[in-house]
Amino acid sequence: MSRAVIQVSLFVAILSGCFLTAYFARRRRTDPSPDGGYAAIGERGLTWSEAKAAAIRWTTTTNHREIGLLYIAFGTVAAIWGGTDAMMIRTHLLTPEANIWTEQTYNELFTMHGLTMLIFFVAPVFFGIGNYFLPLLIGADDMAFPRLNAVGFWMLPPALLLSRLGILAEVTGKSLALVVPEGWLTILYVLREPALGWTLYTPLSTTMPDPQINFLLLGLHLSGIATTIAAINFITTIVYERTSEIGWANLDIFSWNMLVTSALVIFAFPLLGTALLMLLFDRNFGTTFFATEGGGPVLWQHLFWFWGHPEVYIIFLPAAGLMSLILPKFVGRKLFGFKFIVYSTIAIGVLSFGVWAHHMFATGIDPRIRASFMATSIAIAVPSAIKVFNWITTIWNGNVKLAAPTILCVGGIGMHIYGGITGVFLAVIPVDIIYHDTYYVVGHFHLIVMGIIPLMMFAASYYWYPLLTGRLYDRRLALFQSTLLVTGSALTFVTLMALGFLEHPRRYATYPAEFQNLHVVATVGAYIIGLSVMLWLYNMLWSYFHGEPVETADPWDLKSTNQFTREWQWFEEKLERERGIPPSEPEEVRRSYVPAQEEAPPSLYGRIVPVARTVVSDAGAGAIGGFVGTMFMTGVLFVAVAIGAFDLEAFADLAALVGLPATVGLGYAVFLVGGMTVWPLLFLALGEYLPGELSFVTGLWYSTVIASGFAIAFHTDQLGLELVAYLLFVLLSHWTYGLGLAGTIEYFGSRHPSPPEDQP
Amino acid sequence: MSSDESDDTAEDPPVEGEPTESGESFALTYVAPFLGVLLIAVGIPLAILGGYVVVQDTLNLCGDPSIDVRALGDEERPSAAVGELEYGELSQAEQRALEQAIGSPLEEATVEGEMENRDVLLEGAVVEVDGERYYVRIASLNSCLRAEPLLFPIGMVGILLGIVGVLTPPIYRKMAGFEERIQQR
C-alpha cells in the first residue's frame, strides 16, 4: 500500500478538519466577538483583494508577535506531519511481520519522524513562543533585528519542503500518473524519503543511492541557518533590548532559558551545518571525510552528537523555562529557588557539550574516553534534578488550582523524572552496552521529548490563550484533553521501557511474536495521544470563535499572588485601550512564596507538644482498632483454615521471615503485632487520600489495597479452585479487618480531627 | 516575576472558578469521554487490521518480494559467509528484477513471478551480470497480513461507541438544561 498517498491523505484530512472546524465555528458565531461587536447577518466572505492584502501582510510582517504566531503555526503543521509518521510507525508495529507497510517504508517513517519532530516542530514552536512573549516579558518594543527575524522564519518552510521532498515528489508522481505516461515521471519516483535513521550514520548515508538524501541535507542545513539567525536575535534582544527596570537578577525565568538555549544554538548548529556539508561533499564530490577507507565513519558520529546532545537541551530548556514560568501561577507560589534554577540552566548549557560520546559507548571508542563521558553524563543529572526538586517544592503547600496547565505541569514533572532517571542508568557504560540498541532507549528519550516538551507547549497554549485571542477556551475539554495526553504518553512510553527491559531490539521493522501484546498496548497509547491532540486543535479553533470573551486581563487571578507578569500587564493596557475594560483588582493580595501567617510561629517546644499528643492519641486508637480488626480477620481465617483454603504454615513462614523460630504461634504473634502497628499507622497516614467520605468506606478501600500484598505473602501451594477460595477469603478477611479498624478509629475520633476553631 | 510584596493575609483564599460545577456529574463529564477515547483507540487498530486484510486481498497488495543490488569492486565481498549465484540459476522473474534493479537509480526492483532462490537471496548472494559483480539480496518480503476480517466491524463498532462516549458531556449538558427548563415551567 502506498505509504505516501496514505500519509498525505491523513495530513490533508487533519488540515481540512481544522479548516472546516474554523469555518463552521465562524458561521455559527452568534455571541459577541471579544471586542463586544456582533457578526452582521449575511456577513460577506473574504474578497480577493482582502485575501491578497492579508497574504502580503503575513508574508512581509516584521512584528515579533505576528512572526511568533507564524512560527507556532509552522511548528504545528510540522508536528501534525511528524505525528502522522508516528501513528503510522505504531500502526506498522501492530503485527510482528512487516505486512501493513514494508521494511523500507518503516525505515522511512522513523527517519523522517525523528527529523521532522526535532528540527521542524519543537524548536520553531519554542521560537514562536519566544518571539511573541519574550519582548513583552522584558519590556522590549520588538526583537533586536525585526527583518532578520522574518528572514529566519521564512527559511523554514523551504527547509521543510526540501527535507520532505521525497513524499511530495511521490504523491505528485502518482497524481500526475493518472493523466501523464509514467515514463515521463521517472524523476519524481527517484526521489524517495530517506530510510537511514534520523542520525544519518555513515557509511550508510554516504553509500545509499537515494538522491533525496542530498535534498534532505540541504533542507537541514537551511533550517540550521534559520535557527542560528533566530538565536542571535534572541541573545541580542535579551542583552540590549531589556527595559531599564530589568536587570539580570530579575530577568524572568523563561527569558533566562531562552538565553541559554540560544547560546547552545550558536555553538552547536554551525557545527551541524559543517558536518552536513562534509556529508554532502562525500556523497557528491568525491571527498572522503567519512569514507571507510581514507576517512572515518565514526567521525560523523562525533560531529553529529556534538550537535545532537546539546540539541536535546536546546529543545528541553525552553520547556523547562515554561514549566518554571507557568507552574507557580497555578499553585499560587513564587518559583522556589529561582537563582538555583538559573544556575542549573547555565550548568546544563555548559555540560551539554561534554556528554556527546555517551551516544557512542557501543562504538568501541577508547575506554578511558568512555569513562570520562560517563562521569560527565551522570553529572549532568545534578542540575536537572535541581530543577525538579525546585518545581516540586514550588507546588509544596501551595494553593493548587485544578486546571489544564496544572495537570500538564505535574504530568510533565512526573514523566521527566522517569525519563531522566532512566537516562542516568543509560549513562553507565555497562548498562548502556546492554540496553543501547533496545526499546529502553526509545522509551527513555520519548519520556523526555514527549513527556515534558509538548506538554509544556500545550500548557503555554492554555495559559496564554486568553491573551492571544481575547477569549477563554473550553476548560472542561482542556482538563479532559490534558489528562488524556498525560495518560496516553505514560502508557505508550512506559510500555516501550518495558519492551526495552525485555531487551527488544529497536529500529527493526519486524519483531518476535511474543512482544506483540506490549506493542499493541503502546499503539493504543499512541492513538490516545493522537486523539488528545485532535481535541486540543478543536478546542483552540472552536474557542477562538465561541470561547467566553475575557472580561479581565487577569483570568488566572495572578494579581492576588503578585504574579501578574509583564505580558499580562501589556494585555491589560491593550484591553483598556481597545475595549475599555478597566484594570481589575483582587479582593485580597498576598505574597506568592509563603502561605500567609498572622502570628509569629510558636516555639519548637510549642510545635512538638501538639504533634506528640496527636501521635500518641492516633497510635493508641490505631493499635486498638488494629487489634479489633485483626480479631475479626482471625475469625474469617479460622473458617478458611477449616475448609482448607488457608494453610497455617504461612504463619510459620512469617515467623521465619523476621528471624524467629518457624512456629505457627510466633508467626501469629508477629501477624497480630503488625495488624496493631504498621497497618493502622499506614491507614492513618494514607486514609485521607483514599476514596470515601465515610470511614467505613475508606477502611474497605484500604483493606482491599493491602489484601493484594497479603495474598502474595501468605500464599502456600493452593491451586485451581483452592486458589480461588484462598483469594476470596483473603479479601473477605481483609474487609472485616478494614471495617474493624476504621470503625474503632472512628469511634475514638482519630481519623477526622476536629476543626481548628473547636480545638482547645 | 514581580518582586513587589505586600502584607500577608491570614489564609490562602479558597480556589474559585473550578471548571466543573459542583452539580455536574463527574462520571458523565470526564469518565464517559475517557472510556470513549479508550474505545476509539482500541477500535482503530482492530478496524485497520480487519479492513486492511480485505483491501490487501482485493487489490493484490502483497506477496511480491523486492530485491536491492549493489555493485561490488573487483575483489570486494560483502562478507565471507555470502555465497555466489550464477545468473543462469535465477528464475526468469528474478533475472528480470535484477536487471531492472541494476538500471534503477534506487537500485531496487520487485520480483513479479516465481522466486526460486528465495532462501539464498534472503541471506544475500553475489551474482555476476555482464562481467560486473553485484551483491543481491531481498530488501522486503512484502509479506501478507493475516487477520480475522471480523475485526473490522468490531473495531468500527468500538469507534462509533467511543464517539458517543466522547460526545457524552455536551449531550449530558444539553439534557440537563432541558430537564431544568421543564422543571421551571
Side-chain angles (χ1 to χ4, degrees), chain A residues 1 91 94-95 97-100 102-104 186 189-190 192 207 209-211 250 252-253 328 332 334-335 338 399-403 475-480 483-484 487-488 520 523-528 530-532 535 557 560 562-565 587-592 594-598, chain B residues 1-21 24 29-31 33-34 36-38 40-46 48-49 52-53 55-56 59 61-62 65-66 68 70 104-108 138-147 162 166 169-170 173:
Chain A
M1 185 178 275
T91 305
L94 278 171
T95 59
E97 302 87 19
N99 46 21
I100 295 182
T102 63
E103 292 86 343
Q104 163 74 24
T186 315
Y189 293 134
V190 165
R192 194 169 64 178
T207 53
D210 185 358
N250 63 349
D252 68 278
I253 193 69
K334 188 175 163 185
L335 180 65
F338 175 88
N399 194 17
V400 180
K401 290 176 190 168
L402 180 63
R475 293 176 64 199
R476 289 190 198 89
L477 183 57
L479 265 184
F480 177 59
T483 313
L484 267 187
T487 310
V520 171
T523 302
V524 169
Y527 290 154
I528 291 177
L531 290 167
S532 77
L535 289 176
D557 202 20
S560 68
N562 268 319
Q563 298 196 87
F564 194 67
T565 39
E587 288 175 11
E588 288 179 341
V589 177
R590 66 166 174 81
R591 285 189 300 179
S592 57
V594 282
Q597 292 173 334
E598 269 190 330
Chain B
M1 205 88 12
S2 171
S3 58
D4 287 348
E5 288 156 9
S6 64
D7 292 339
D8 300 332
T9 53
E11 288 290 331
D12 281 348
V15 175
E16 287 175 0
E18 294 292 347
T20 319
E21 288 165 24
E24 280 183 324
T29 308
Y30 295 108
V31 178
F34 186 85
V37 170
L38 207 58
I40 297 174
V42 173
I44 293 172
L46 295 179
I48 287 175
L49 293 181
Y52 184 65
V53 167
V55 176
Q56 167 196 261
L59 302 179
L61 293 174
C62 64
S66 60
D68 70 5
R70 181 162 68 85
S104 152
L106 292 171
E107 299 175 353
E108 275 190 21
I138 291 178
S140 172
L141 285 170
N142 203 7
S143 50
C144 297
L145 175 67
R146 291 281 159 256
V166 171
R173 282 198 290 275

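Below, read A as the first sequence line, B as the second, and so on, with proteins coming before strands; counting in each chain starts at 1.
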Below 4.5 Å, heavy atoms only, C-beta onward: do [X] and [Y] meet side chain to side chain?
X: A:Asn99; Y: B:Leu141; answer: no
X: B:Ile40; Y: A:Leu531; answer: yes
X: A:Leu535; Y: A:Phe480; answer: yes
X: A:Thr91; Y: A:Tyr527; answer: yes
X: A:Arg476; Y: B:Pro169; answer: no

Say you draw a straight line from OH of B:Tyr30 to OG1 of A:Thr483; how long is it, rounded to the nearest 0.5 Å?
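Atom-to-atom, B:Tyr30:OH and A:Thr483:OG1 are 8.0 Å apart.
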Tell me, out of A:Ala526, A:Pro211, A:Pro209, A:Gly488, who's got the most heavy-atom pairs with chain B below 4.5 Å.
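Most heavy-atom pairs within the cutoff with chain B belong to A:Pro209.
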Considering only heavy atoms and a distance below 4.5 Å, find which of A:Thr523, A:Leu477, A:Thr186, A:Val524 pairs most often with chain B.
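Option with the top pair count is A:Val524.
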Would you check if the side chain of A:Glu97 reaches a backbone N or O of B:Ser143 as a donor-acceptor pair within less than 3.5 Å?
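Not a single qualifying donor-acceptor pair exists.
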Measuring heavy-atom distances to chain B, does [X] have an atom under 4.5 Å in its side chain, in its backbone, in both, or in neither?
X: A:Thr95; value: side chain
X: A:Ile528; value: both
X: A:Glu103; value: both
X: A:Thr487; value: side chain

For B:Leu59, is it the side chain, the backbone, both, or neither that has a heavy atom closer than 4.5 Å to a heavy atom of chain A?
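For B:Leu59, no heavy atom lies under 4.5 Å from chain A.
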Which portion of B:Leu106 sits near chain A, non-hydrogen atoms under 4.5 angstrom:
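For B:Leu106, heavy atoms of backbone and side chain both lie under 4.5 Å from chain A.
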Between B:Pro33, B:Cys62, B:Ala139, the one whose heavy-atom pairs under 4.5 Å with chain A are most numerous:
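Most heavy-atom pairs under 4.5 Å with chain A: B:Pro33.
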